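Heads up: the structure comes next, in structure tokens.
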Amino acid sequence: MSDKKSKKPQKLKARLPRGFADRSASDVRATDEMVTKIRAVFERYGFDPVETPAFEYTDALGKFLPDQDRPNEGVFSLQDDDEQWMSLRYDLTAPLARHVAQNINEIALPYRTYRQGWVFRNEKPGPGRFRQFMQFDADTVGAPGVQADAEMAMMMADTMEALGIARGDYVIRVNNRKVLDGVMEAIGLGGEENAGKRLTVLRAIDKLDRLGIEGVRRLLGEGREDESGDFTPGAGLDEQQVGLVIQQIVMDQSTTNVMRSSMDVDWSRADDDEYLYNERMRIFFELNEDKFDAEPTSAGLGATELKVMYRLFTECGYGPDRIRIDPSVVRGLEYYTGPVYEAELLFDVTNEKGETVQFGSVGGGGRYDGLVKRFTGQDVPATGFSIGVSRLMTALKNLGKLGTDEMVAPVLVTVMDGDTEALGRYQKMTQSLREAGIRAEMYQGNWKKFGNQLRYADRRGCPVAIIQGSDERERGIVQIKDMIEGRKEAAAIESNEAYRAARPGQFEVAEGDLVAEVTKLLAAQKAG
RNA sequence: GCGGGCGUAGCUCAGUUGGUUAGAGCGCUGGAUUGUGGCUCCAGAGGUCGGUGGUUCAAAUCCACCCGCUCGUACCA
């Protein structure tokens, strides 16, 4: 036993770091396809590309831990040889702010820009959650007005449709952080001393889609116990405070009572979603204006901004089937200062285990007026959004919107003789196919095992194999083997001897007709 | 981070109250077949039984700790 053990060379275990993944040919192609479509929309809106590196100095990302001389553990960080901390970017927004600040004198504001790239997060990975993933961002820097935010939401809707997601299968939900801030003030959570509590409330609201109203209600109050018995402490609000928050975030409920008593609502149109949405918005804005018009509060400002955006959407024909004002949207809890928006998929996605998955958000963004100012000291308002490319790709594949016209495997030119002259002939055949635009390859394994060559062609999914041994060579012909037809014919043959003699799916053509005949066969296969 | 479940061949899994040399199917390699994918038959390779330590005459099996995967939860700038 120990003898045997000591003789064995230590084998290296082939493995990936946790949370990282290799990407298959079809994934790479699907990503390319998506990125091309997204880029086309962004270019049409007048955005230009810019790329920044994967590493930034940690202070530029703003990720030093407070009171400590080392970065937040959520980012991958290392010290350069001069001891400076650098980190892999965890999103594309902070590096853009650094780029704009550094080149503020050369860049003409407003700066409309997009970019795609890998970002890294040192977090616990899970199904569909990786520590490296791709984002595709668009930002408008130096545009203070909410018309820039409205444009972002509309561009997001256009992008969804460009990717083949039907209207009604997605929705862009829009809110404004100032409205939420106003609600907090209204329930007495204003001021520095309540910052922690406000965060707990925001996090509770963010879980609405997953936990439902009752779950959020518990998190706002005493807390919530999950199936494993783990207890999450709540925000500790009293019943009245909880009621006000719930009322504010669930617009359908909070406005329904008012709508019911309103003489203006035509309830015979109750099944007209667009009509009801517009009525609801009208009442929502009336309520908020009533409440906050007297003095300019953050809630009043937020509501006013939302109203401007709502009108822009309506004017441009982006109805509630595409973009909806929704007071429950929270998004990134720190740097957003105004409008926030989120793209959500509405159809069910089935994973590889056959389970239905609530897909939820595939992208989002908002206004971040403070990020560039950290570098320049002057106000540089900005707004942008980010698409989770990897995540969205999973959904699109399930929807059958990607990889529908799969890449056809190459034609395989088999090798019968290994002498230099013969190899030259096979290589030349391969080249002539390639020159005609046909994917083709010459067999590069051990040519002496001919059976393996066809087995290789079979597994690789080659549509056609080309065969020319000395017999064919002498007669000036080549054999073209239709792998698909051959498989069908072979199924009817019982004995191996007969099978080998039959050469299913094969036919002979003159050497000079090779390219023309293969072209014809491939076209026939595609049609059939 | 907290709680539950699970780790045996490349994959899916069996392995009795602790008891000889740890098995099967699929896959892989070679042969039957000098030049034809599939089918059939034969042979072969492939295992630190997740790791370390402990209990024992004896551990894949029992115990402790660790690692990994997984589900829920928290965090996600």
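Residue numbers begin at 1 in each chain, while the letters A, B, ... track the order of the sequences. As the structure is a prediction and not an experimental result, all values here were calculated from the model.
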At under 4.0 Å, does any side-chain N or O of [X] touch on OP1 or OP2 of [N]?
X	N	result
A:Arg459	B:C28	yes
A:Tyr499	B:G37	yes
A:Lys207	B:C75	yes
A:Arg500	B:U36	yes
A:Arg503	B:G38	no
A:Arg18	B:U70	no

Any strand: nucleotide that pairs with B:G7 via Watson-Crick or wobble, under 3.5 Å: B:C67

Identify the nucleotide, in any strand shown, that forms a Watson-Crick or G-U wobble pair with B:G1, with both distances under 3.5 Å; if there is none, say none. B:U73

Tell me which nucleotide among [options] gets nearest to the side chain of [X].
X	options	answer
A:Arg129	B:C75, B:U73, B:G37	B:C75
A:Arg224	B:U33, B:G30, B:U73	B:U73
A:Lys481	B:U73, B:A77, B:U36	B:U36
A:Glu123	B:U73, B:G35, B:A77	B:A77
A:Arg455	B:G37, B:A74, B:U36	B:G37
A:Arg203	B:C76, B:C71, B:A77	B:C76

Closest-nucleotide 5' rank along RNA chain B - winner of A:Met416 and A:Ile493: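 Checking each residue's closest nucleotide, the 5'-ward one belongs to A:Met416.
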
Let me know, please, whether A:Gln468 or A:Glu497 comes out on the 5' side of the other along RNA chain B by nearest nucleotide.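 Final value for this comparison: A:Gln468.
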
Determine whether the side chains of A:Thr31 and A:Arg23 contain a donor N or O and an acceptor N or O closer than 3.5 Å.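 Checked: A:Thr31/A:Arg23 side chains pair up, N/O donor to acceptor below 3.5 Å.
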
Distance-only polar pair, side chains of A:Asp139 and A:Tyr368, donor-acceptor under 3.5 Å: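 Indeed, the side chains of A:Asp139 and A:Tyr368 share at least one donor-acceptor pair under 3.5 Å.
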
Taking the six-membered ring for Trp, are A:Tyr443 and A:Tyr456 closer than 6.0 Å centroid to centroid? yes

Side-chain heavy atoms of A:Pro410 within contact of A:Arg460, under 4.5 Å: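 A:Pro410 vs A:Arg460: side chains touch.
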
Whole-Å [atom1] distance, [N] and [M]:
N	M	atom1	value
B:G25	B:A45	P	16 Å
B:C28	B:G46	C1'	9 Å
B:A24	B:C67	C1'	29 Å
B:G10	B:G50	P	13 Å
B:C11	B:U21	C1'	25 Å
B:G37	B:U29	P	14 Å
B:A59	B:U55	P	12 Å
B:A58	B:G19	C1'	7 Å

Once hydrogens and angles are ignored, does a donor-acceptor distance under 3.5 Å link the base of B:G72 to the side chain of A:Lys124?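 When only heavy-atom distances are counted, A:Lys124 does reach the base of B:G72 through a donor-acceptor pair under 3.5 Å.
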
Any N or O donor-acceptor pair linking the side chain of A:Gln506 to the base of B:G37 at under 3.5 Å?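 For A:Gln506, whose side chain was compared with the base of B:G37, there is no donor-acceptor pair (under 3.5 Å).
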
Take atom CG of A:Asp458 and atom P of B:C39, then tell me their distance rounded to the nearest Å. 10 Å

Quick one: do A:Tyr426 and A:Thr414 satisfy side chain to side chain contact (heavy atoms under 4.5 Å, CB included)? Show the steps, please. CA-CA 8 Å; A:Tyr426 296 130; A:Thr414 61; 5.9 Å; no

For the side chain to side chain contact (heavy atoms under 4.5 Å, CB included) test, which of A:Leu219, A:Thr200, A:Val245 pairs with A:Leu237?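 Among the candidates, only A:Val245 passes.
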
Ring centres within less than 5.5 Å and planes less than 30° apart: is that true of A:Tyr335 and B:A77 in this structure?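 Ring-base stacking flag not set for A:Tyr335 and B:A77.
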
Exercise: identify the closest heavy-atom pair between A:Val242 and A:Gly221: CG2-N, 4.1 Å

